[in-house]
Enquirer: 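Got a structure for you, written out below as structure tokens; questions coming shortly.
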Amino acid sequence: MKMRPPHWLPWLGPLVAAGAGALAGEYWLGGGFWMVLLAALVCGFAPILGYRVWKRLHHRR
């Protein structure tokens, strides 16, 4: 049985970005603004990219 990627996975991006930015601001504030921005961007795009990879691999089979 092939498992399809959940359709709501890309919508987690903004929520994950906000959470990562908040955590980076709380715990890694020594890095300042750029560290928070980088953490939010990387973590915000991770669910979107993960969904696209999962979907591509699912359609390949």
Enquirer: Indicate the atoms forming the closest heavy-atom contact of A39 with A24, along with that distance.
Expert: CB-CB, 3.8 Å
Enquirer: Grouping I, L, V, M, F, W and Y whenever their side-chain heavy atoms are under 4.5 Å apart, do W34 and L41 come out in a common cluster?
Expert: yes
Enquirer: How far apart are the closest heavy atoms of A17 and G44, and which atoms are they?
Expert: CB-CA, 3.6 Å
Enquirer: Holding to side chain to side chain contact (heavy atoms under 4.5 Å, CB included), I want the full list of residues that pass it with L23, two or more places apart in sequence or in another chain.
Expert: Y27
Enquirer: State which residues pass side chain to side chain contact (heavy atoms under 4.5 Å, CB included) with L15; sequence neighbours excluded, sorted by chain then number.
Expert: L12
Enquirer: If Ile, Leu, Val, Met, Phe, Trp and Tyr residues are connected whenever their side-chain heavy atoms lie under 4.5 Å apart, and connections chain through other members, are V42 and F33 in the same group?
Expert: no
Enquirer: Test of understanding: with side chain to side chain contact (heavy atoms under 4.5 Å, CB included), list the residues that count as partners of I48, not counting sequence neighbours.
Expert: P10, F45
